[in-house]
Amino acid sequence: QLQAYGGGLVQAGGSLRLSCEASGRTFSNHGMGWFRQTPGKEREFVAAISWSGGRTYYADSVKGRFTISRDNAKNTVSLQLNSLKPEDTAVYYCAGSRRVIANTRGEYDSWGQGTQVTVSS
């Protein structure tokens, strides 16, 4: 129901734009978020946006570099990744929460397949 895409290989300092499309049902009344995971590590919170788009949260590690947005008419949520660093390399997942906005993994109940982001130094 959630499909993330847009990942790829980019040099440090570069940019990528990830998108997540929802199908099967609307997520316009859900908080949406992005998480990322590297091998052997827990899936970590990256960014979240409220159902209206009026509120956003970011992990400290990406604040000022990443921007989350959503288009409820298209049932999509996006993550703009700027000034990428090698430590941003991970599989990125989008997720939906029944809460207005959420920043912990346990608050999300819908998950998409991830998209790989690789940042070379």
Side-chain angles (χ1 to χ4, degrees):
Q1 291 180 323
L2 293 173
Q3 179 64 54
Y5 59 93
L9 173 63
V10 64
Q11 289 187 330
S15 298
L16 282 174
R17 185 174 181 85
L18 307 184
S19 294
C20 176
E21 289 186 353
S23 62
R25 65 183 175 103
T26 181
F27 281 82
S28 61
N29 58 349
H30 283 56
M32 299 296 292
W34 287 92
F35 288 72
R36 65 187 182 187
Q37 189 170 22
T38 54
K41 292 189 177 181
E42 293 286 321
R43 192 170 297 185
E44 66 172 359
F45 169 76
V46 175
I49 189 167
S50 62
W51 67 269
S52 68
R55 293 166 59 192
T56 56
Y57 288 156
Y58 294 95
D60 288 343
S61 58
V62 307
K63 201 171 294 183
R65 300 188 298 121
F66 292 6
T67 302
I68 189 171
S69 60
R70 67 187 299 162
D71 184 338
N72 286 339
K74 296 181 179 179
N75 226 12
T76 60
V77 61
S78 298
L79 186 68
Q80 179 68 39
L81 292 67
N82 295 330
S83 302
L84 282 161
K85 305 175 181 179
E87 52 263 43
D88 294 319
T89 295
V91 177
Y92 283 71
Y93 299 87
C94 64
S97 171
R98 297 183 186 275
R99 296 181 180 271
V100 172
I101 188 168
N103 63 352
T104 63
R105 182 178 177 180
E107 296 176 285
Y108 288 83
D109 52 19
S110 297
W111 292 88
Q113 293 183 327
T115 184
Q116 176 72 48
V117 171
T118 302
V119 184
S120 63
S121 58

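Position 1 is the first residue of the sequence, and the numbers go up from there. Below, each value reflects all heavy atoms present in this structure, side chains not excepted, and no hydrogens, waters or symmetry copies.
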**Student:** Once rounded to the nearest 0.5 Å, what's the spacing between atom OG of S19 and atom NZ of K74?
**Tutor:**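 The OG atom of S19 sits 10.0 Å away from the NZ atom of K74.
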**Student:** Less than 4.5 Å apart, side chain to side chain, heavy atoms only: is that true for Y57 and I49?
**Tutor:**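 Not in contact.
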**Student:** Kindly indicate whether the side chain of S15, heavy atoms from C-beta on, has any atom under 4.5 Å from the side chain of Q80.
**Tutor:**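 Answer yes - side chains close enough.
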**Student:** Side-chain heavy atoms nearer than 4.5 Å, only ILVMFWY residues, links allowed to pass through others: does that put Y58 and I101 together?
**Tutor:**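 No, Y58 does not connect to I101 through the hydrophobic network.
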**Student:** Quick one: OH on Y92 to CD on Q37, what's the gap to the nearest 0.5 Å?
**Tutor:**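 Taking OH in Y92 and CD in Q37, the distance rounds to 12.0 Å.
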**Student:** Mind checking salt bridge (Lys or Arg N to Asp or Glu O under 4.0 Å) for K63 and listing every partner two or more places apart, or none if nothing turns up?
**Tutor:**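 Result, salt bridge (Lys or Arg N to Asp or Glu O under 4.0 Å) vs K63: D60.
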**Student:** Just to verify, what does E107 make a salt bridge (Lys or Arg N to Asp or Glu O under 4.0 Å) with, not counting sequence neighbours?
**Tutor:**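 With neighbours one apart ignored, the set is R99.
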**Student:** In the single-linkage hydrophobic clustering (I, L, V, M, F, W, Y; side-chain heavy atoms under 4.5 Å), do L79 and L2 co-cluster?
**Tutor:**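 In one cluster: yes.
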**Student:** Is the shortest side-chain heavy-atom distance between V117 and T89 below 4.5 Å?
**Tutor:**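 No, their side chains stay 4.5 Å or more apart.
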**Student:** Is there a side-chain contact between L18 and Y5 in this structure, where contact means two heavy atoms from C-beta onward sitting under 4.5 Å apart?
**Tutor:**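 Result no, sub-4.5 Å side-chain heavy-atom pair not found.
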**Student:** Among pairs that include at least one residue of residues 108-120, which meet salt bridge (Lys or Arg N to Asp or Glu O under 4.0 Å), considering only residues two or more places apart or in two chains?
**Tutor:**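 Counting only pairs at least two positions apart or across chains, the salt bridge (Lys or Arg N to Asp or Glu O under 4.0 Å) contacts touching residues 108-120 are R98-D109.
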**Student:** Report yes or no: do V62 and V77 belong to one cluster of Ile/Leu/Val/Met/Phe/Trp/Tyr joined by side chain heavy-atom distances under 4.5 Å?
**Tutor:**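 Yes, because V62 and V77 connect within a single hydrophobic cluster, where side-chain heavy atoms sit under 4.5 Å apart.
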**Student:** Does atom CD of Q113 have more than 12 heavy-atom neighbours, drawn from other residues, nucleotides or ligands, at distances under 6.0 Å?
**Tutor:**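 Open: at most 12 neighbouring heavy atoms sit under 6.0 Å from CD of Q113.
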**Student:** Please name all residues satisfying salt bridge (Lys or Arg N to Asp or Glu O under 4.0 Å) with E44, sequence neighbours left out, ordered by chain then number.
**Tutor:**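 In terms of salt bridge (Lys or Arg N to Asp or Glu O under 4.0 Å), with neighbours along the sequence ignored, E44 is linked to R36.
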**Student:** Keeping N82 on the side-chain end and G14 on the backbone end, is there a donor-acceptor pair under 3.5 Å?
**Tutor:**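 No; judged by distance alone, with no hydrogens or angles, the pair does not exist.
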**Student:** Just to verify, what does R55 make a salt bridge (Lys or Arg N to Asp or Glu O under 4.0 Å) with, not counting sequence neighbours?
**Tutor:**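 Expected list: none.
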**Student:** If I take atom CG from residue L84 and atom OG1 from residue T118, how far apart are they, to the nearest 0.5 angstrom?
**Tutor:**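 Rounded to the nearest 0.5 Å, the CG-OG1 separation comes out at 10.5 Å.
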**Student:** Go through the steps for Q11 and S120 under the test side chain to side chain contact (heavy atoms under 4.5 Å, CB included), then give the verdict.
**Tutor:** CA-CA 5 Å; Q11 289 187 330; S120 63; 3.7 Å; yes
**Student:** What distance do R70 atom CZ and H30 atom NE2 have between them, rounded to the nearest 0.5 Å?
**Tutor:**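 If we round to the nearest 0.5 Å, R70:CZ and H30:NE2 are 9.5 Å apart.
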**Student:** Answer yes or no: is there a donor N or O on one side and an acceptor on the other, between the side chain of R65 and the main chain of S83, under 3.5 Å?
**Tutor:**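 Checked: pair present.
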**Student:** Under 4.5 Å between side-chain heavy atoms, hopping through other hydrophobics if needed: is there a path connecting W34 to L81?
**Tutor:**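 Same cluster.
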**Student:** What residue pairs, at least two apart or across chains, pass disulfide bond (SG atoms under 2.5 Å apart) with a residue in residues 24-121?
**Tutor:**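 Listed once each, the pairs are C20-C94.
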**Student:** If Ile, Leu, Val, Met, Phe, Trp and Tyr residues are connected whenever their side-chain heavy atoms lie under 4.5 Å apart, and connections chain through other members, are V91 and I68 in the same group?
**Tutor:**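 Different hydrophobic clusters.
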**Student:** Heavy atoms, side chains only, cut-off 4.5 Å: are T104 and F45 in contact?
**Tutor:**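 No, every pair of side-chain atoms sits at 4.5 Å or beyond.
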**Student:** Between G6 and T115, what is the shortest heavy-atom contact and its length?
**Tutor:**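 So the two residues come closest at N-OG1, 3.9 Å.
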**Student:** Are the side chains of S69 and R17 in contact, using a 4.5 Å heavy-atom criterion?
**Tutor:**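 With C-beta onward as the side chain, the pair touches.
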**Student:** Return the orientation label for the W111 and Y93 ring planes: parallel under 30°, perpendicular over 60°, tilted otherwise.
**Tutor:**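 Plane angle over 60°, so perpendicular.
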**Student:** State, with a plain yes or no, whether a side-chain heavy atom of F35 is found less than 4.5 Å away from one of R105.
**Tutor:**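 Side chain of F35 against side chain of R105, heavy atoms only: contact under 4.5 Å found.
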**Student:** Indicate yes or no for a side-chain donor-acceptor contact from N72 to the backbone of W51 under 3.5 Å, with no hydrogens or angles considered.
**Tutor:**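 Yes, N72 side chain to W51 backbone: donor-acceptor pair under 3.5 Å.
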**Student:** Please name the pair of heavy atoms, one in A48 and one in A102, separated by the smallest distance, quoted to 0.1 Å.
**Tutor:**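 Heavy atoms of A48 and A102 come nearest at CB-O, 3.1 Å.
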**Student:** Between F27 and S110, is any pair of side-chain heavy atoms under 4.5 Å apart?
**Tutor:**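 Yes, side chains in contact.
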